[in-house]
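Counting starts at 1 for both ligands and their atoms, in listed order. When reading the values below, keep in mind they use all heavy atoms of this one structure, side chains included, and skip hydrogens, waters and symmetry mates. Every value quoted in this text rests on a predicted model; they were computed, and no experiment measured them.
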Amino acid sequence: MNQGVFHIPVMVDEVIRYLITKEDGIYIDGTIGGGGHSEEILKRTKCKVIGFDIDPEAIKFAQERLKPFGERVIILRRNYAQVKEALAELGVSKVSGFLLDLGVSSFQLDYGGGFSFRFDEKLDMRMDRASDLTAERILNEFSEEDIALIIRFFGEERRAKLIAREIVRYRQRKKIERTSELVKLIDKVVPRKYRLKTLARVFQALRIAVNKELDNLKVALDSSVDILEKGGRIVVISYHSLEDRIVKSFFKSNEKIRNLTKKPVAPKEEEIRLNPRSRSAKLRAGEKITE
Ligand SMILES: C[S@@+](CC[C@H](N)C(=O)[O-])C[C@H]1O[C@@H](n2cnc3c(N)ncnc32)[C@H](O)[C@@H]1O
């Protein structure tokens, strides 16, 4: 596989600028993905990286890419929400930085996971194939009310009730198995001019629910306070407003963390031109100021 194709890392210079405080520190890459951010961190410093991912394909790819750095890298197949437990198992008490680059990698988006409404695939959406909750199960087994809540809250979609009703009507005749079926039934109830936004919101909502993304983020932010040394940094790149709101309010409300980014940092025009998927990225950073 071509190294560049797996995923292009977003705002690399900004990540390094906010994350790195110690040349020889230990840094956590909670979402190692294709290893793009980790590779730059390892190249530009003498530090060690402990990487996490729940997707075995990402881990395989990152392991291969980061081989040249030998023992300076450890990659774990773990949820970043378990960062505290994982570090305790490794005998590491404090780290200098914790990076989270949320969401899916380009590889996941483009290859068979059912994350995108642009491809006809099975409605899976699990980043962690060991988990048993899929988008198909939500759509076929959850109540109409619960489906509407998921679409309303995780997708911030106004027509959630209408869409949930159509989902339930459809599944009474046939199990919903493929992304194309979900697209068709949404097309039936949503005006054409709102089509793309609605599809994006419904797919986002299902992905967040399947992967418990907001819960994991909250646990990881709380854990950062325990695992960071004084002066250590947490850097989060988020891609939608629900995530960004959680990060913003955590930085504002936690008295042990100083907010380093009053406004979120966005990619430069040039980066967006070269990598359109970076368009919605927002980076926030905080520093642990007291034990
Ligand atoms: C946007 S990509 C990260 C890309 C990476 N920064 C790079 O430069 O290649 C997000 C990655 O986080 C992983 N991920 C999502 N939720 C996770 C979780 N709760 N724990 C660990 N990894 C997770 C996904 O599988 C995906 O590989």
Check contact between [X] and ligand 1, using heavy atoms of the residue and a distance below 4.0 angstrom.
X	value
I54	yes
K212	no
E39	no
L102	yes
A81	no
G30	yes

For [atom], what is the closest protein heavy atom, and at what distance to 0.1 Å?
atom	answer
atom 20 (N) of ligand 1	Y80 N, 2.9 Å
atom 19 (N) of ligand 1	N79 OD1, 2.9 Å
atom 10 (C) of ligand 1	G103 O, 3.1 Å
atom 9 (O) of ligand 1	G34 N, 2.9 Å

Is the shortest N/O to N/O distance between [X] and ligand 1 below 3.5 Å?
X	value
Y239	no
S105	no
G36	yes

Side chain to side chain donor-acceptor pair (under 3.5 Å) evaluation trace for D29 with Y80: CA-CA 9 Å; D29 184 346; Y80 60 64; over 6 Å; no

Close-contact set for ligand 1 against R78 heavy atoms, below 4.0 Å: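 Answer for ligand 1: 20 (N), 21 (C).
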
Element-labelled atoms of ligand 1 that are located less than 4.0 Å from some non-hydrogen atom of G35: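 Ligand 1 atoms under the 4.0 Å threshold to G35: 7 (C), 9 (O).
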
Side-chain heavy-atom pair V104, M127 within 4.5 angstrom cut-off: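 Yes - at least one pair of side-chain heavy atoms lies under 4.5 Å apart.
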
L182 versus V202, closest heavy-atom pair with distance: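 Scanning both residues completely, I find the closest heavy atoms to be CD2-CG1, 4.4 Å.
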
Exercise: identify the closest heavy-atom pair between I41 and L99: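 Heavy-atom minimum between the residues: CD1-CD2, 4.4 Å.
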
Looking only at non-hydrogen atoms, which of [options] approaches [atom] most closely?
atom	options	value
atom 12 (O) of ligand 1	T31, I8, D55	T31
atom 14 (N) of ligand 1	M127, R277, Q82, E213	M127
atom 26 (C) of ligand 1	R126, E40, Q108	Q108

Salt bridge (charged side-chain N to carboxylate O under 4.0 Å, His left out) evaluation trace for R178 with E181: CA-CA 5 Å; R178 303 196 62 85; E181 295 178 275; over 6 Å; no

Residue pair D13 / Y18, side-chain donor-acceptor N/O under 3.5 Å: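 No, no side-chain donor-acceptor contact under 3.5 Å.
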
Between S106 and R277: side-chain donor-acceptor atoms closer than 3.5 Å: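 Yes, side-chain donor-acceptor contact under 3.5 Å.
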
Within reach of ligand 1, part of [X] (heavy-atom separation under 4.0 Å):
X	value
I32	backbone
D53	both
V10	neither
H37	both

Straight-line distance of N259 CG to F250 CZ, nearest 0.5 Å: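 Between N259 CG and F250 CZ, I get 10.5 Å after rounding to 0.5 Å.
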
F115 CZ to Q108 CD distance, which is reported to the nearest 0.5 Å: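 If I round to the nearest 0.5 Å, the distance is 5.0 Å.
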
Heavy-atom neighbours of R158 CZ exceed 12 at 6.0 Å: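 Atom CZ in R158 is not packed in, count stays at 12 or less.
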
Crowding at CZ, F153 (>12 non-hydrogen neighbours, <6.0 Å):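 12 or below, so no.
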
Test item: N254 side-chain N/O and K256 main-chain N/O as donor-acceptor pair under 3.5 Å: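 Such a contact is found between N254 side chain and K256 backbone.
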
Pairs involving residues 184-220, ordered by first then second residue, that meet ring pair (Phe, Tyr, Trp, His ring centres under 6.0 Å) (sequence neighbours left out):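 As it turns out, the ring pair (Phe, Tyr, Trp, His ring centres under 6.0 Å) pairs with a partner in residues 184-220, which skip direct neighbours, are F117-F203.
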
